[in-house]
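As structure tokens, the structure follows; a few thoughts come after it.
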Amino acid sequence: MTTEETVRADLKTRVDALLEAHDPATVERLDFLRAQFDAGLAWVHFPEGLGGLGLSRAHQTYVNELLAAAGAPDNDPRRNGIGLGMAAPTILAYGTEEQKRRFLRPLWTGEEVWCQLFSEPGAGSDLAAVATRAVRDGDTWVVNGQKVWTSSAHKARWAILLARTDPDVPKHRGMSYFICDMTDPGVEVRPLRQITGEAEFNEVFLSDARVPDAHRLGAEGEGWKVANATLMNERVAIGGNATPREASMIGFVAHTWRTRPELRRPEAHDQLMSLWVEAEVARLSGTRLRQKIAAGQPGPEGSGMKLTFARLTQQITGLELQLLGEEGLRYDDWTMTRPDIVDFTGRDPGYRYLRAKGNSIEGGTSEILRNIIAERVLQLPAEPRADKDIPWKDIPR
Amino acid sequence: MTTEETVRADLKTRVDALLEAHDPATVERLDFLRAQFDAGLAWVHFPEGLGGLGLSRAHQTYVNELLAAAGAPDNDPRRNGIGLGMAAPTILAYGTEEQKRRFLRPLWTGEEVWCQLFSEPGAGSDLAAVATRAVRDGDTWVVNGQKVWTSSAHKARWAILLARTDPDVPKHRGMSYFICDMTDPGVEVRPLRQITGEAEFNEVFLSDARVPDAHRLGAEGEGWKVANATLMNERVAIGGNATPREASMIGFVAHTWRTRPELRRPEAHDQLMSLWVEAEVARLSGTRLRQKIAAGQPGPEGSGMKLTFARLTQQITGLELQLLGEEGLRYDDWTMTRPDIVDFTGRDPGYRYLRAKGNSIEGGTSEILRNIIAERVLQLPAEPRADKDIPWKDIPR
Amino acid sequence: MNDANLLYTDVETALQESVRDLLTDRCAPEKVIATYDGDRELQPKLWRSLALDLGLAGLLVPEERGGAGASAREAAAVLEELGRFAAPVPFLTSSVIATEALLRAGDDALLATVAGGERTAAVVVPFSTSPDELRATVRVDGQGALRGRVTSVAGAVDADVLLVPVEVADGVELHAVEAGAARITPVVSLDMTRQLADVDLDGASSTRVVEDGGDRAVRAALELGAALMASEQLGVAQWCLDTTVGYLRDRTQFGRSVGGFQALKHRLADLYVMTESTRTAARYAATTAADDDPDRHVAALMAKSYCSDSAVRAAEECVQLHGGIGMTWEHPAHLYLKRAKADQVALGNPQATRRRLGEVVDLPMPTT
Amino acid sequence: MNDANLLYTDVETALQESVRDLLTDRCAPEKVIATYDGDRELQPKLWRSLALDLGLAGLLVPEERGGAGASAREAAAVLEELGRFAAPVPFLTSSVIATEALLRAGDDALLATVAGGERTAAVVVPFSTSPDELRATVRVDGQGALRGRVTSVAGAVDADVLLVPVEVADGVELHAVEAGAARITPVVSLDMTRQLADVDLDGASSTRVVEDGGDRAVRAALELGAALMASEQLGVAQWCLDTTVGYLRDRTQFGRSVGGFQALKHRLADLYVMTESTRTAARYAATTAADDDPDRHVAALMAKSYCSDSAVRAAEECVQLHGGIGMTWEHPAHLYLKRAKADQVALGNPQATRRRLGEVVDLPMPTT
């Protein structure tokens with residue numbers, strides 16, 4: 001047998017053992033998930049004892065297939081995207097043994113949902129400008145400040161938190177990274193309503209919130225380094241899977257054009273087709289990017305993909321409203337809701353148009369992405385800046 | 001009589017006297033022009049004794065009408081645009097009495113054509129970076145350097161020249177402004193061929209060219225101030241006169257569309273009409289700008305007009321080539337020529353397309369114009385720069 | 001017309017100032033935002049002040065017919081301010097479009113009540129209708145009552161009287177219907193500051209306002225609406241530019257004013273140039289309409305095309321350049337985005353408008 | 001096809017390197033610029049090296065028919081390099097378009113001489129012809145000689161043999177004509193690196209290459225030409241991007257590297273993203289052509305549309321961002337501008353191409 005076959009055989013044995021001991025048909029969902037974690041079959045690329053087996057990430061796909069075939073429950077990863085995608089790898093990389101043991105299991109099972117307390121009203125693109133202060137009081141930190149753009153905050157048990165612990169050193173060096181208890185009385189969550197009417201995100205107000213020093217992740221003053229590791233994991237998520245032609249936003253307009261000939265206008269055709277071509281080229285560029293990664297040539301194209309995706313969704317939804325004419329003047333519902341899961345496409349054309357505006361802001365604005373491409377890919381000089389070497393407290397704000 | 005009527009009556013008397021003493025039908029052209037200058041009827045807004053009468057600029061139009069009606073020759077102003085538009089007002093503002101008397105009369109009559117030695121290969125948008133050195137040698141200056149983008153250099157008797165006289169002070173303070181004799185043996189003019197095939201401009205190489213200190217315009221070290229006065233006069237020229245609808249570049253495409261139905265394609269119509277609308281809005285914006293100036297509300301819109309003009313000529317000529325299809329693949333002539341007068345439109349569509357590329361570069365690039373609008377109109381902060389307060393010789397190049 | 005005055009007269013400037021003062025006072029963004037949650041408390045009082053106190057309801061109506069005797073230029077100046085505040089008032093629908101229809105139709109009695117601000121009127125067509133695509137779908141039944149339903153009508157929610165194009169055997173008549181006689185169902189609209197309504201006219205009794213040429217009157221009204229909406233779009237674009245410039249000048253990131261970053265400066269410079277061009281197009285449409293210049297049709301089509309797209313672009317750049325804050329419900333940017341996008345689609349979208357313009361200026365789209 | 005390999009194989013990379021080395025050596029920009037002044041000294045030797053020494057003439061021809069047995073992917077890789085140098089050689093016209101016509105027509109004798117590089121061929125249609133708009137205008141007269149004239153033909157200047165679509169009673173035949181038998185008048189062309197010619201065939205004797213379906217063969221040849229010209233356009237765009245980035249990084253103004261000014265950085269970032277998308281479109285067209293994938297027609301249309309416009313944009317930005325120097329004859333930027341603009345118009349302009357694509361993917365333009 002090849003090594004690969006040996007690994008697969010071993011995984012099969014482990015999965016069979018798990019299924020035998022915990023029949024998905026009868027055992028409680030949460031009990032099954034805990035057992036899966038303890039069997040190292042949660043994320044096999046994590047270390048043994050922490051839900052994994054120290055294998056490569058790709059093997060998890062095989063495990064998932066076996067489990068799905070057996071009717072096993074999954075951990076509903078969309079409900080805890082920040083926890084699984086950002087908090088977990090950061091805890092694994094920077095956490096103490098105690099932190100790993102405490103947090104990773106309930107995170108993975110979804111018993112404890114996580115959120116992220118990074119952005120602030122004054123620290124958007126310039127994340128290193130966070131002003132939320134954490135002041136040491138014995139073996140706890142007292143935290144004050146305001147965070148924004150926090151999804152799932154109202155459901156989260158824990159948050160990863162970036163706060164300023166030393167204002168007397170330059171901005172990048174005076175931050176620390178914490179795990180914050182969202183049930184602390186000093187934490188207040190308010191829904192942050194968007195232009196679509198709904199509140200996907202929250203504002204979080206921290207008023208003398210207390211965080212034990214044992215919940216610090218990484219060394220004091222090393223928060224920027226830890227946060228960057230977190231953000232790297234965010235960017236890895238972009239790219240996604242292969243999708244068929246017209247599976248993206250262009251599919252809605254194409255469907256309208258095909259099924260409603262009364263809305264077709266010759267003067268709109270060239271714009272429709274330009275966007276169709278661009279959407280298809282973008283889709284194929286995703287394929288090419290995945291091929292490059294698979295061939296061991298990872299590149300910086302992810303930033304370019306995101307730029308293109310944002311521009312296209314905006315242009316396409318804008319055209320859609322014009323094509324629809326009268327229907328484009330109507331909207332489905334302005335009622336404020338707090339959706340569990342974001343869906344860019346699930347609602348009506350007006351919603352798609354408005355929601356698409358966020359695509360060029362969230363997860364790195366298009367402007368910041370252009371800077372990144374210019375500086376990292378094209379090796380052009382960085383922006384002149386005056387905030388790098390002077391103490392945080394002396395930077396003009 | 002109103003003041004205006006009195007002025008007009010007086011001008012009429014003077015013109016009649018000129019015509020009586022110098023019958024255009026019999027007198028030599030140059031003699032007539034010299035007499036016109038001496039009668040103060042050359043540019044009536046100049047002082048008496050220097051070709052003018054100290055009146056307002058608008059009165060010259062009346063004089064020109066009277067002279068044209070009598071069949072008088074004109075000074076063919078297009079042949080000496082730099083002289084009349086830039087050198088003359090600068091000499092008037094900064095010249096000594098002797099300089100004014102020596103240079104203005106033959107300048108106005110066209111006996112002496114002028115050119116401009118400002119731009120250099122390393123000093124394009126950053127004009128204050130001129131590196132051409134002028135070193136004092138008794139009462140003359142010895143000049144060495146290279147100038148570019150000089151129109152009419154091969155026909156010019158004199159040049160206005162910006163050169164560095166003190167490299168030990170910051171860049172804006174170490175330049176002086178001279179009148180350079182283009183027949184000096186140290187001046188070599190080479191045609192500068194453009195992408196259209198022709199050479200509208202020249203390169204000028206200065207090798208120990210000698211300029212008497214008496215030909216310095218303005219104080220030593222004040223060259224930047226004098227040059228800016230010159231450039232202001234260049235910008236005033238933009239705007240021009242009212243033109244009828246479709247008189248600009250869009251007229252060519254519209255004419256093609258109307259007269260050659262076989263080239264019409266529905267898929268090109270929206271782009272054609274978008275450009276038509278933009279061209280017409282730009283034309284009307286010119287009207288509005290002239291109305292503002294007439295109403296005493298001069299604004300910074302000239303920069304915006306130039307930006308729009310450049311973008312539109314480029315887009316329109318680009319569309320024209322596509323509409324023409326096969327014809328768009330042909331060109332009239334690549335032979336190197338040195339045209340007397342620039343004509344953006346006189347040749348074929350390929351020429352128009354290529355020549356239009358210069359519109360966003362010459363007379364201030366579109367990028368510089370955007371900076372100007374952002375900083376002067378919108379009051380946004382200037383670019384950070386490190387070259388303002390250090391000696392010229394220490395600036396990185 | 002090369003001699004059309006494209007500047008603002010002192011009278012227009014004074015009028016704008018008085019409108020602006022009133023809106024600054026009574027039309028705070030948070031109240032406008034509240035209209036999206038169904039809170040329409042702001043509107044009636046605000047409209048009464050504008051219509052009666054400032055006398056805007058009858059601005060376009062000659063003095064001898066009960067109005068203020070101003071021209072399309074002054075109405076445009078007012079619309080510019082209304083656009084700048086995304087003000088939720090029926091000036092465009094009642095005092096411009098419905099009023100122009102009544103002026104053309106010649107019903108001076110009804111006109112006088114609308115001009116006096118006592119009654120608010122609306123023309124009952126889908127708001128997306130372009131002047132050259134008007135189709136009357138309402139008919140008169142055997143009993144002399146109306147039959148038909150018109151969807152997505154602007155101004156109907158605020159109207160006391162509805163002006164309905166009615167198809168008859170030999171053309172289109174214009175009928176007046178009391179709002180109470182129709183079933184007016186407000187619609188959840190993309191732009192709630194000009195909320196649309198579906199109007200069901202089945203069984204409604206009506207008065208004939210004009211017998212023959214009702215379509216001509218309504219077309220002229222919609223064309224004037226498009227021509228002057230350009231000034232509203234200018235107001236939207238101007239607010240977006242001013243607000244974005246102010247925000248970026250004040251905001252600091254990376255230790256510098258964000259407004260000092262060159263990529264943003266250049267985009268704002270382009271936005272400024274575009275906004276000034278928008279002003280040209282809007283002023284030209286207003287002036288040629290005021291002068292009944294032969295070029296008014298071309299001017300209206302140009303303005304609808306140019307200003308529709310530029311207002312949307314300004315609003316989209318405004319949201320983008322504000323970053324996250326521009327995506328929030330509390331920040332007023334979304335009011336302008338929604339207004340700009342709805343205006344773009346309303347009264348003929350830009351592409352359809354350019355196609356029509358091609359016919360008018362002898363640059364026709366070829367048949368395929 | 002989601003599994004089309006869009007990367008470069010090692011073979012393709014090696015091929016590109018050898019082409020690039022040769023062009024670096026023998027195709028200096030100043031020599032290419034000289035072609036605009038009628039100096040065609042460069043071409044014959046350069047083409048001989050590429051065609052014979054590197055064996056590119058028969059790249060697309062199967063080994064058993066006298067060629068190198070490579071696929072459209074390798075030809076695309078070569079074209080990318082030729083685009084990067086704006087190389088004035090007839091690879092596209094002879095080794096792609098004419099060769100594909102001969103492959104489809106089945107004339108193996110003629111094909112072998114072209115594949116071997118002994119003779120250079122050209123299809124006699126205006127270079128602007130899109131595959132779906134082919135019209136044969138040449139006819140056979142009573143004496144069996146050809147009658148007709150075809151203007152703006154690419155590759156004819158370099159050709160030894162001309163492939164002429166000839167209209168006959170029941171269709172289109174493809175005829176071979178010795179270049180010496182036709183009057184070939186070189187045309188002053190926008191892109192002198194692929195100079196066009198007017199071809200007068202009156203009285204020329206010809207050999208019939210294919211009797212029936214000559215139009216199908218030529219259409220397939222033009223489609224492959226468009227699909228692979230996308231890689232040439234990619235090469236153009238890539239040169240423009242690389243050269244501009246390099247220039248701006250090195251140039252200093254206002255005491256700073258010009259490449260550090262954010263407005264320019266952002267434009268270059270956009271250009272980079274666009275160039276990478278151009279690569280995707282070009283590679284996909286080449287791969288589907290190589291695999292004779294059912295999606296090859298869609299891929300060719302997409303590539304022609306996307307890469308045509310992106311190469312022009314890259315070249316225009318290159319000229320603009322170089323400032324004055326980019327406007328000069330001495331700087332090679334203009335070679336790329338002219339090549340990009342001519343390629344855009346050639347083989348079906350982007351708008352016409354998108355209209356055709358709409359028909360293919362069931363998104364038709366409506367009839368008006």
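Computed from a predicted model, the values in this text were never measured in an experiment. Below, chain A is the first sequence line, B the second, and so on; all start at residue 1.
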When heavy-atom pairs shorter than 4.5 Å are enumerated against chain A, which of Asp362(D), Thr278(D), Thr353(D), Val298(D) gives the highest number?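 Among Asp362(D), Thr278(D), Thr353(D), Val298(D), the one with the most close pairs to chain A is Asp362(D).
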Please rank Leu357(D), Asn5(D), Leu6(D) by heavy-atom pairs under 4.5 Å with chain A and give me the top one. Leu6(D)
Below 4.5 Å from any heavy atom of chain D, which atoms of [X] appear? Answer side chain, backbone, both or neither.
X         : result
Ala295(A) : side chain
Ser366(A) : neither
Thr308(A) : side chain
Leu307(A) : side chain

Just give me the residue among [options] that pairs up with chain D most often, heavy atom to heavy atom, under 4.5 Å.
options                                    : result
Arg265(A), Glu383(A), Gln379(A)            : Glu383(A)
Arg264(A), Arg288(A), Met273(A), Glu367(A) : Arg288(A)
Ala268(A), Ser274(A), Pro381(A)            : Pro381(A)

Under the ring-ring contact (aromatic ring centres under 6.0 Å, His included) definition, can you give me all pairs with a residue in residues 362-386 of chain A, not counting sequence neighbours?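 Matches after skipping sequence neighbours: none remain.
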Given that the side chain runs from C-beta out, which part of Ser305(D) has a heavy atom under 4.5 Å from chain A: side chain, backbone, both or neither?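 For Ser305(D), the contact with chain A is made by the side chain alone.
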Run the salt-bridge test on [X] and [Y] with the 4.0 Å N-O cut-off and return the result as yes or no.
X         : Y         : value
Glu327(A) : Arg330(A) : no
Arg370(A) : Asp270(D) : yes
Asp291(D) : Arg296(D) : no
Arg311(A) : Glu278(A) : yes
Glu276(D) : Arg279(D) : yes
Lys171(A) : Asp126(A) : yes

Do Gln233(D) and Ser310(D) have side-chain atoms, one donor and one acceptor, less than 3.5 Å apart? no
Distance-only polar pair, side chains of Asp295(D) and Thr288(D), donor-acceptor under 3.5 Å: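 There is no such pair between these side chains.
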Side chain to side chain contact (heavy atoms under 4.5 Å, CB included) partners of Ala76(D), counting only residues at least two apart: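 For Ala76(D), the residues satisfying side chain to side chain contact (heavy atoms under 4.5 Å, CB included) (neighbours in sequence not counted) are Leu228(D), Ser231(D), Arg283(D), Ala286(D).
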In chain order, what residues pass the side chain to side chain contact (heavy atoms under 4.5 Å, CB included) check against Pro170(A), with sequence neighbours excluded? Arg173(A)
Proximity of residues 245-266 of chain D to chain A, residues having a non-hydrogen atom under 4.5 angstrom: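 So the qualifying residues are Val245(D), Arg249(D), Arg256(D), Ser257(D), Gly259(D), Gly260(D), Gln262(D), Lys265(D), His266(D).
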